[in-house]
Amino acid sequence: MEQLRNVLELIKLGEKLKMELRHGWLSNGRRESVAEHTWRLALMAMTIEPYLPIKVNSEKLLKMIIIHDLVEAYAKDIPAFDTMNNSEAKALKYKNEIAAIEQIRNILGDEHGQKLYDYWFEFERKETYEAKVANALDKLEAQIQHNEADIETWLPIEYEMTFMLGIHTDFDPVLTELKNLIEQEGEQKLIAAGINVEALKQQRVQ
């Protein structure tokens, strides 16, 4: 079956995520890969789903999570703090990711490729409950990984970002509660390192 050649090509593309490294570090001192982030993000979705106050389409949620970072096989991983206050960098990142998801869609070249394309844009637009949950978990997993890593691997901007998770979780009480637990762990890590946490929180208020 010729279409299976295209499926195999897409599966092989996934290997690039095993090699593409993120900014985050593991507790053993090794950089994490995009594939590792995506795997635990899927685990988070599977384990938190029964406790969410609104019933989700689990299949859609997991498919969005699995596809959302595949664009980085072409576009590379760009840390959030590189685009946070830089509109030009953010626009370029989005342009490159759109080109990447178009390539991914075209590998399959059929309705299934189009479906992957649609899932990616649903994740990006954050209009559905599943997309909002996927985005929130994406940010929370990154903070969990930071909390697990040596504080020496943190950049100063990441001290402040520890207390910026609420904008991603405020729509849901369960995710907000999970965010609070993760934020508390981050705060304890910062305090143990002698970081002035109250000053960081005051910056967020201002």
Side-chain angles (χ1 to χ4, degrees), residues 16-48 65-66 68-73 75-94 96-97 123-124 126 132-172 174-206:
K16 292 184 182 297
L17 297 191
K18 296 183 179 184
M19 297 183 284
E20 180 65 24
L21 300 181
R22 287 168 55 85
H23 168 70
W25 296 74
L26 305 180
S27 58
N28 67 356
R30 176 175 67 77
R31 289 273 295 279
E32 71 165 331
S33 71
V34 175
E36 290 168 325
H37 161 70
T38 301
W39 177 83
R40 188 157 70 166
L41 182 52
L43 176 65
M44 287 179 70
M46 185 179 72
T47 52
I48 199 70
I65 284 171
I66 291 168
H68 94 281
D69 274 337
L70 187 56
V71 296
E72 294 177 9
K76 304 300 181 183
D77 179 72
I78 308 296
F81 50 75
D82 280 356
T83 61
M84 192 164 56
N85 298 310
N86 187 327
S87 58
E88 287 187 9
K90 185 178 293 187
L92 179 59
K93 176 179 181 288
Y94 192 57
N96 289 340
E97 288 181 345
F123 180 100
E124 287 295 308
K126 292 180 276 193
K132 291 176 182 178
V133 170
N135 272 274
L137 294 178
D138 183 38
K139 303 302 186 297
L140 293 177
E141 197 286 329
Q143 185 62 48
I144 292 172
Q145 191 59 62
H146 284 314
N147 291 349
E148 292 169 334
D150 192 308
I151 192 69
E152 294 298 320
T153 65
W154 291 34
L155 298 176
I157 184 62
E158 291 171 310
Y159 301 165
E160 184 179 349
M161 290 175 71
T162 302
F163 305 101
M164 296 170 61
L165 297 168
I167 59 174
H168 306 290
T169 60
D170 285 349
F171 70 96
D172 185 278
V174 171
L175 293 177
T176 295
E177 187 173 349
L178 179 61
K179 179 268 298 183
N180 290 340
L181 293 173
I182 295 166
E183 185 179 286
Q184 287 166 14
E185 288 187 348
E187 181 174 348
Q188 290 167 5
K189 192 176 188 77
L190 290 167
I191 291 172
I195 307 299
N196 188 337
V197 169
E198 293 307 315
L200 291 173
K201 290 181 177 180
Q202 189 60 36
Q203 289 177 23
R204 296 308 309 150
V205 173
Q206 296 171 355

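For this chain, numbers begin at 1 and follow the sequence in order.
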Original post:
From Ile48 CD1 over to Leu43 CG, what is the distance, rounded to the nearest 0.5 angstrom?
Top reply: 11.0 Å
Original post:
Ignoring hydrogens and geometry, is there a side-chain-to-backbone donor-acceptor pair from Asp150 to Thr153 under 3.5 Å?
Top reply: no
**OP:** Could you tell me the separation between the CD atom of Glu160 and the CE atom of Met164, rounded to the nearest 0.5 Å?
**Re:** 6.0 Å
Original post:
Can you tell if the side chain of Glu32 reaches within under 4.5 Å of the side chain of Glu148, non-hydrogen atoms only?
Top reply: no
**OP:** Over all heavy atoms of both residues, which pair between Ala134 and Leu41 is shortest? Give the atoms and the distance, please.
**Re:** O-CD1, 4.4 Å
Subject >> Step-by-step side chain to side chain donor-acceptor pair (under 3.5 Å) determination, Gln145 to His37 >> reply: CA-CA 9 Å; Gln145 191 59 62; His37 161 70; over 6 Å; no
Original post:
Rounded to the nearest 0.5 Å, how far does NZ of Lys132 lie from CZ of Phe123?
Top reply: 14.0 Å
Original post:
Is any side-chain heavy atom of Val174 closer than 4.5 Å to a side-chain heavy atom of Leu178?
Top reply: no
Original post:
Among Leu140, Leu137, Val133, which one satisfies side-chain contact (heavy atoms from CB on, under 4.5 Å) with Thr169?
Top reply: Leu140
**OP:** Under the side-chain contact (heavy atoms from CB on, under 4.5 Å) rule, what do Ile157 and Met161 come out as? Steps first, then yes or no, please.
**Re:** CA-CA 6 Å; Ile157 184 62; Met161 290 175 71; 4.0 Å; yes
**OP:** Please work out which of the three classes, parallel, tilted or perpendicular, describes the rings of Tyr159 and Trp154, given edges at 30° and 60°.
**Re:** tilted
**OP:** Apply side-chain contact (heavy atoms from CB on, under 4.5 Å) to Leu17 and Glu72, showing your working.
**Re:** CA-CA 7 Å; Leu17 297 191; Glu72 294 177 9; 4.3 Å; yes
Original post:
Can you list the steps and then say if Gln143 with Asn147 is a side chain to side chain donor-acceptor pair (under 3.5 Å)?
Top reply: CA-CA 6 Å; Gln143 185 62 48; Asn147 291 349; 2.9 Å; yes
Original post:
Do His68 and Asp138 have side-chain heavy atoms sitting under 4.5 Å apart?
Top reply: yes
Original post:
Rounded to the nearest 0.5 Å, how far does OG of Ser33 lie from CG of Asp77?
Top reply: 10.0 Å
Original post:
Any idea which heavy atoms bring Leu155 and Glu158 closest together, and the distance?
Top reply: N-OE1, 2.6 Å
Original post:
Under the 3.5 angstrom rule, does the side chain of His168 hit a backbone N or O of Leu165 as a donor-acceptor pair?
Top reply: no
Original post:
Within the side chain of Glu141, is there an N or O that forms a donor-acceptor pair under 3.5 Å with the backbone of Met44?
Top reply: no
Original post:
Taking side chain as C-beta onward, heavy atoms only, is Asn180 less than 4.5 Å from Thr176?
Top reply: yes
Original post:
Distance from Ile167 atom CD1 to Lys179 atom NZ, nearest 0.5 Å?
Top reply: 10.5 Å
Subject >> Salt-bridge criterion met for Glu36 and Arg40 (N-O under 4.0 Å) >> reply: no
Original post:
Do Glu20 and Lys16 have side chains that get closer than 4.5 Å, going by heavy atoms?
Top reply: no
Original post:
Is any side-chain heavy atom of Gln184 closer than 4.5 Å to a side-chain heavy atom of Leu181?
Top reply: yes
Subject >> Closest heavy-atom pair and its distance - Pro79, His23 >> reply: CG-CB, 4.1 Å
Original post:
Taking the side chain as C-beta and beyond, is there a heavy-atom pair between Glu124 and Tyr94 under 4.5 Å?
Top reply: yes
**OP:** Answer yes or no: is there a donor N or O on one side and an acceptor on the other, between the side chain of Arg30 and the main chain of Trp25, under 3.5 Å?
**Re:** no
**OP:** Supply the atom-to-atom distance Asn85 CG to Lys90 NZ, rounded to the nearest 0.5 angstrom.
**Re:** 8.0 Å
Subject >> Any Leu190 side-chain heavy atom under 4.5 Å of Thr162 side chain >> reply: yes
